[in-house]
Visitor: 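So that we are looking at the same thing, I have put the structure below in structure tokens.
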Amino acid sequence: MRKNNITIEIFIRSIIFNLCFFITTLFIAFLGLFFAVWSKNLARIVGLLWGKSTLFLANYICNITYNIQGISKLPKHNKFIIASKHESTWDTAFFLAILNNPVYILKRELLFIPLFGLHLLFMGMIHINRSKGKKSVKEITQKSDNVINNLARPIIIFPQGTRTKPFEQKPYKSGIYAIARNSKVNSYPVILNSGQFWSKGSFFKYPGEITVKIAKAVDHTLNKNIYMQELEETIESKYINLKK
């Protein structure tokens, strides 16, 4: 992310984008909530609309494009887990826009955001109540198994548990292993550098091309330590090469 290269153009484009993003999100939230109440399929369409509109605004206003590599690796049956880096709100919009009806594993606090939280519930997102400890992990693995194997919806997990700034180090949490093992599906590591253009907590949006790489799947039959090591090493070793 080029913090020392804030031009007048970037400043103006960032103002316009932030205003448009806020207005569009609010509009979709209000209008979409009316439809989402009636149908889970309509709730999914609302989420898809928000994802695509966010990518469009980022491209049209801020010249933020993306290049996705390895998408052909993903199974057509949708029974898989995406284990991705998470640096930006852009990531959330991206997966909603390109995958077929994905389900996010997210922290419970997001449900309390006005309007937005209701949409998450209507779309069938799975929330983590961290105060429950191991009981929460058990609940999530059971819900994820139903989502993957009965509903045929892919699961999106950010294994570091939160958004990170570019090249910030955060530990990988092992909850993803429990989900993969219980559901008997493989996990596809995703490496991206969205934070270099739309960073966590930053007002400014920088033009450029976000790289998204989908790597070879990590086998769910591996033991826990090897699984977690392979997942982290795959993501971090490829991520370091995305530095601009």
Visitor: Can you find a pair of side-chain heavy atoms, one from Thr211 and one from Leu192, that are under 4.5 Å apart?
Guide: no

Visitor: Start with the C-alpha distance between Ile128 and Val137, add both sets of side-chain angles, then the distance that settles side chain to side chain contact (heavy atoms under 4.5 Å, CB included), and finish with yes or no.
Guide: CA-CA 8 Å; Ile128 302 172; Val137 174; over 6 Å; no

Visitor: Taking the inter-plane angle between the rings of Tyr104 and Phe95 on a 0 to 90° scale, is it parallel (under 30°), tilted (30 to 60°) or perpendicular (over 60°)?
Guide: perpendicular

Visitor: Taking C-beta and beyond as the side chain, do Ile157 and Ile82 meet within less than 4.5 Å on heavy atoms?
Guide: no

Visitor: Heavy atoms, side chains only, cut-off 4.5 Å: are Ser183 and Asn149 in contact?
Guide: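 Yes. Closest side-chain heavy atoms under 4.5 Å.
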
Visitor: Measuring centre to centre across the rings, with the benzene-like ring taken for any Trp, is Phe197 within less than 6.0 Å of Tyr206?
Guide: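 No.
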
Visitor: Please table the atom pairs, donor to acceptor, closer than 3.5 Å between any side-chain atom in residues 15-35 and protein atoms at least two apart or in another chain.
Guide:
unit_1, atom_1, unit_2, atom_2, d
Asn18, OD1, Lys205, NZ, 3.1
Asn18, ND2, Ser14, O, 3.0
Asn18, ND2, Phe203, O, 3.0
Thr24, OG1, Cys20, O, 2.7
Thr25, OG1, Phe21, O, 2.8
Thr25, OG1, Trp50, NE1, 3.0

Visitor: Where the side chain of Arg153 meets the backbone of Val147, is there a donor-acceptor pair that is under 3.5 Å apart?
Guide: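 No.
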
Visitor: What's the verdict on side chain to side chain contact (heavy atoms under 4.5 Å, CB included) for Lys107 and Leu110, showing C-alpha distance, side-chain angles and the deciding distance?
Guide: CA-CA 6 Å; Lys107 57 187 178 182; Leu110 293 177; 4.0 Å; yes

Visitor: Within the side chain of Ser39, is there an N or O that forms a donor-acceptor pair under 3.5 Å with the backbone of Leu42?
Guide: yes

Visitor: Does Lys73 NZ have over 12 foreign heavy atoms under 6.0 Å away?
Guide: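 For Lys73, atom NZ is crowded (more than 12 foreign heavy atoms under 6.0 Å).
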
Visitor: Look at Arg13 together with Glu9 and state whether they make a salt bridge at an N to O cut-off of under 4.0 Å.
Guide: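 Counted as a salt bridge, because a side-chain N and a carboxylate O are separated by less than 4.0 Å.
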
Visitor: To the nearest 0.5 angstrom, please state how far the CG atom of Leu48 sits from the CG atom of Asn101.
Guide: 9.5 Å

Visitor: How about Asn41 and Arg44: do any of their side-chain heavy atoms sit closer than 4.5 Å?
Guide: yes

Visitor: Do Val46 and His119 have side chains that get closer than 4.5 Å, going by heavy atoms?
Guide: yes

Visitor: With a 4.5 Å heavy-atom cut-off, do Ile156 and Leu96 have their side chains touching?
Guide: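 Side-chain contact under 4.5 Å: no.
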
Visitor: State the CD1-CD distance between Ile126 and Glu139, to the nearest 0.5 angstrom.
Guide: 11.0 Å

Visitor: On a heavy-atom basis, which atom in Gly51 and which in Ala97 lie closest, and how many Å separate them?
Guide: C-CB, 4.0 Å

Visitor: How long is the straight-line distance from NZ of Lys79 back to CG of Leu151, given to the nearest 0.5 Å?
Guide: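 Reported value, rounded in 0.5 Å steps: 10.0 Å.
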
Visitor: Taking all heavy atoms of Asp91 and all of Ser194, pick out the closest pair and write down the distance.
Guide: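 Here Asp91 and Ser194 meet closest at OD1-OG, 2.5 Å.
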
Visitor: Do Glu87 and Tyr239 come close enough that some side-chain heavy atom pair is under 4.5 Å?
Guide: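 In short, these two side chains touch, coming nearer than 4.5 Å.
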
Visitor: Among side-chain atoms of Tyr172 and Gln229, is any donor-acceptor pair under 3.5 angstrom?
Guide: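 Short answer, no.
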
Visitor: Can you tell me how far apart CD (Gln169) and CD (Glu236) are? Round to the nearest 0.5 Å.
Guide: 5.0 Å

Visitor: Do Glu232 and Tyr227 get their side chains close enough for a donor-acceptor pair, meaning under 3.5 Å?
Guide: no

Visitor: Is it the case that the side chain of Ser88 and the backbone of Trp198 share a donor-acceptor pair, with hydrogens and angles ignored and the cut-off at 3.5 Å?
Guide: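 Yes; judged by distance alone, with no hydrogens or angles, the pair exists.
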
Visitor: Say you draw a straight line from NZ of Lys238 to OG1 of Thr234; how long is it, rounded to the nearest 0.5 Å?
Guide: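 Rounded to the nearest 0.5 Å, the NZ-OG1 separation comes out at 7.0 Å.
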
Visitor: Return the minimal non-hydrogen interatomic distance between Gly124 and Val103, and the atom names on each side.
Guide: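 Nearest pair, atom of Gly124 first, then Val103: O-CG1, 3.5 Å.
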
Visitor: Is it the case that the side chain of Asn193 and the backbone of Ile210 share a donor-acceptor pair, with hydrogens and angles ignored and the cut-off at 3.5 Å?
Guide: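 No, because the side chain of Asn193 does not come within donor-acceptor range (under 3.5 Å) of the backbone of Ile210.
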
Visitor: Strictly distance-based, threshold 3.5 Å: is any side-chain N or O of Thr141 a donor or acceptor partner for the main-chain N or O of Lys138?
Guide: yes

Visitor: Would you say the side-chain atoms of Ser199 pair up with the backbone N or O of Ser202, donor to acceptor, closer than 3.5 Å?
Guide: no

Visitor: Where does the angle between the aromatic ring planes of Tyr188 and Phe80 fall among parallel (under 30°), tilted (30 to 60°) and perpendicular (over 60°)?
Guide: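 Because their plane-to-plane angle is over 60°, the rings of Tyr188 and Phe80 count as perpendicular.
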
Visitor: Is a donor from one side chain sitting under 3.5 angstrom from an acceptor on the other, for Asp219 and Thr221?
Guide: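 Indeed, the side chains of Asp219 and Thr221 share at least one donor-acceptor pair under 3.5 Å.
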
Visitor: Rounded to the nearest 0.5 Å, how far apart are CD1 of Ile240 and CD1 of Ile235?
Guide: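 If we round to the nearest 0.5 Å, Ile240:CD1 and Ile235:CD1 are 13.5 Å apart.
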
Visitor: Got a donor-acceptor contact below 3.5 angstrom from the Arg163 side chain to the His86 backbone?
Guide: no

Visitor: When the side chains of residues 57-67 are checked against the rest of the protein, which donor-acceptor pairs come out under 3.5 Å, sequence neighbours left out?
Guide:
none

Visitor: Only counting residues at least two apart or in another chain, list the ones meeting salt bridge (Lys or Arg N to Asp or Glu O under 4.0 Å) with Lys170.
Guide: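 Listed in chain order: Glu168.
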
